[in-house]
Amino acid sequence: FDDWYDPKNYYTDELGDTIKSIITFCKEAIAAGTERELLYKVIEDNSGNRNPNAIKDMDTAKKVADALVAATVHKEV
């Protein structure tokens, strides 16, 4: 009961988690043979920047994640 007000018990970083999943997805796609430049282009076309860490909102992150799935043979992010 001593840590009842610990912020980590209440705070979720949905955007940060989504960006991490995008990065993980890209690493796995590259390892499976997908061209790195294709992934960078998909990210840039959907977010304005080829760096996924530059994504600032959930709508953009979801848009990038969906576009990456559509552009590769993988089925999930």
*asked:* Quick check for you: to the nearest 0.5 Å, what is the distance between Leu15 atom CG and Lys62 atom NZ?
replied: 10.5 Å
*Qualifying residue for side-chain contact (heavy atoms from CB on, under 4.5 Å) with Val42, from Thr72, Val64, Leu68*: Leu68
*Only one of Ile30, Thr34, Val69 passes side-chain contact (heavy atoms from CB on, under 4.5 Å) with Phe25; say which it is.*
Val69
*Output yes when a side-chain donor or acceptor of Thr24 lies under 3.5 Å from a complementary backbone atom of Ser21, and no otherwise.*
no
*Interatomic distance, Lys41 atom NZ to Glu35 atom CD [nearest 0.5 angstrom]*: 14.0 Å
_Nearest-0.5 Å distance that lies between atom CG in Asn53 and atom CD1 in Ile22_ = 9.5 Å
*First locate atom CD of Glu44, then atom CG of Leu39, and finally report the distance between them rounded to the nearest 0.5 Å.*
13.0 Å
_For the CD1 atom of Ile43 and the CG atom of Leu38, what is their distance to the nearest 0.5 Å?_
9.5 Å
*Find the distance between OG1 (Thr60) and CG (Asn49) and round it off to the nearest 0.5 Å.*
11.5 Å
